[in-house]
Asker: 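Structure below; questions to follow.
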Amino acid sequence: MSDNQLKTLETRLKQGLSLQVWHYGRLSLPKGMHDASEADRSHELLRRARSFIDEQKIAGILIDMGFPLAVKSIKTLDPEREIVLGLTSEGEEVRASTNPLQEADLAYISPKLLIPDPKPTQTKEPVWMPPAPQEPAVVTPVAAEPAGAEATPVPPVVAVSDPIAYVPPVDVAKLASQAAPLPAAAPLQPAAVPAPPVAEALPAPIPPVAEPVIAPEPIVVTLPESKDTYAVHTSRDSHRDQPRRISIADALIQLGYGRVEAHEIMDPKLDQKLLSTGRITTAQSLQAQAVARGMEYVDIKVRPPAASVASLLDQHTCTTQRVFPYDIDRNDVFVVVTDTPNRELLIRTAVAERSGKPKVEIRVVDTPVLDQLIREQYTSGTVLRELHEDLATDTAIPEATLDDANNAVTRFVRETILEGVNKNASDIHIEPMINGLQVRLRIDGKLTANFQSPIARSGMGNIVRVVKLMAGMDVGNNRVPQDSRLVLHVAGRTINLRVSSMPQTDGNEKLVLRILKDASDIPEVENLGLNPYTLDRFLQIIRKPEGLVLVTGPTGSGKSFTLLSTLKRIAKPDRNTQTLEDPIEYRLPGVNQSQINEATGYTFEAGLRSAMRQDPDILLLGEIRDAVTARISLSMANTGHQVLSTLHTITAASAVQRLRDLGVPNYNITPSLQGVMAQRLVRKMCQHCSTAAPLPERVARILADSPVRAPKDRYRTVNSEGCQHCIKGRQGRLPIHELLVVTDTLRDRINEGAPTRELEMIARQEGMLTLAQDGYLKVAEGLIAVEDLEEALNEVAEETSSDPEAV
Ligand SMILES: [Zn+2]
């Protein structure tokens, strides 16, 4: 074939068939192909054309154009489908193949018996000659008894060494010349485009062939009548997966998804590769898999599943096999949808077994669609229908209401959660025991059994299931820990819960429901109890868009309260704010909150690494507790992020030494550290039973060098007897603070390795209001009793002196 002829072939293929793929340029020869042999070049064109159009049409056009080489190329392209159509003596159509495992309802036929049905076929199955047998065998048709009245011209004996004689259907040429333009929008029928593995499609240079042999009459061939000559198998006998009908690459090209490079065409996992590199979407990958396997891709919006078949499969089968009942057609074929078409055989077997429907057809849907179908089916129509009616659309957090549901299980869950909320519990533990279920509440840090006698074992599973369903957790999976959030509407209240499950022995699960407090409970920074002087300095620090701000103090000193309040102030819609917390106690709107779970390997370190990839502007890290988290947070703070975290130190100045102890070099601390706030909680004096008194001289003296002047007329003395409003004159607690602002002087001294004591001295010289001063100021204001403050400060002193880091 000359170059001109090739050009004509290309043009004809494009124009004659009005391929809408013209603009894809996929019919032109790829780069590097121009020097190839003409056989290879025509082959390549055909291969590309074949991706789009029915092979019979190609064959027709080529024959019409008088391209014998092309005809032979098509034969070379013949896939290993080896499907033959035949008629039994009853006139029933039989489809057979040398490989019955490739699809359902194929009879087995020996390769030697495989004969093409050259009848101009109305079926969409093209009929092919058998591929060259492995051994130099002679393919002889066994046309023992022609079904038609016409005598059958015996097809020529074909030896492998011979040029392959393809016998095209008689009127294919006519058909091709009339070939209507393909409607631009119409998808090409994948089933009609069988494809060989491309490796085998690249032929050795093909010897020139004479004119194609065109049979003058339809040749009717029958299969041997006796079933003894062939064994009947179906794919259901098989334990192996079916081979693909066309390759993934071809399917992707056909769909126009991704840009498939020449060297990728043979990659059987091409879709996964394109998927992982973001060149196609999950839905596109699934569509390609569907096309490659000759399955239908379903849009459930256009055609939703038939409700009447929903009960044919149980939830377990649906979730484990990733299927959902779709329909039953007239021939009692049970149609299911899946998002894992590659598990075709397993699905077929399982579905047939569980539904009792032997005939199964598989179609493909996108993963989220399948998830939704399963979720909707197995949560509606049950006691939980009510719970999911109020599913919020604008939030990923499942919402549920427990007010209407009135069966024993939901009543129990409702009462338990309400009791936890009413008792101001922080957590509700639902635990499997040997003899049943135990519920415990954590109140003020102490875990107490809420029920003396455990709940009967029989009800246990249902309770766990209800809670997990409400929280949108995977009910079928009790082998891995799960974490979820839930907004619950119960008794007119909105309750934020974090639900976590943990596998226990015997397939049981323990649930912990953390009752999250509402963001409205978190005060504005102005209401944190900061001295106005310190508040002013603090606001300046947090206004900077980058750098590290630390809050220090012992456990229970209200550090996270301060951090969350700060976050509430600085988190803005145009900034990506991420928290890593353990535990999450408050739900903050507009903030991405992530629950650290060390037990499952989701550590602060892992969380930090993930958060870094999420392009955060503001990061709240629950605690810097080791060298790695220290290093990563500092490096984030040094690279334009605003990082908030806590450290377990007593004073503000000792935080620097703590970072050094965690292996952070001084030169990494100074560029980013903006300030450290130390804080502590002191009991608050009851304002009802305390008495106004003049400010004691001692307190006035202590406050003499304070940067803030003490009021002289606000002092009060505590009434240890107490009143109806308080316990022994105290009511709640109040924080005291000290804020170390990292100034240039301090930076220099930190860089030079100055010890904590010196850093603290410099900070005081530069105007730091110390914990003690802040406390005595609150004493002078009549907010806290001097003895309570001094007790707290003594603890600070003791801890400081026993803590070598704080020196
Ligand atoms: Zn009182």
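Indexing begins at 1, ligand by ligand and atom by atom, following the structure's order.
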Asker: Tell me whether His688 has at least one N, O or S atom under 2.8 Å from the Zn ion (ligand 1).
Answerer: no
Asker: Is any side-chain N of the basic residue among Glu509 and Lys468 closer than 4.0 Å to the acidic one's carboxylate O?
Answerer: yes
Asker: So, Gln657 versus Asp661: side-chain donor-acceptor pair below 3.5 Å or not?
Answerer: yes
Asker: Under 3.5 Å, is there a donor-acceptor pair between the Arg485 and Gln595 side chains?
Answerer: no
Asker: Would Cys686 count as a contact for the Zn ion (ligand 1), in the sense that one of its N, O or S atoms lies under 2.8 Å from it?
Answerer: yes
Asker: I'd like to know if the side chain of Ser594 pairs up with that of Gln578 as donor and acceptor (distance under 3.5 Å, no hydrogens or angles considered).
Answerer: no
Asker: With rounding to 10 degrees, what does the angle Cys723:SG / the Zn ion (ligand 1) / Cys689:SG come to?
Answerer: 110°
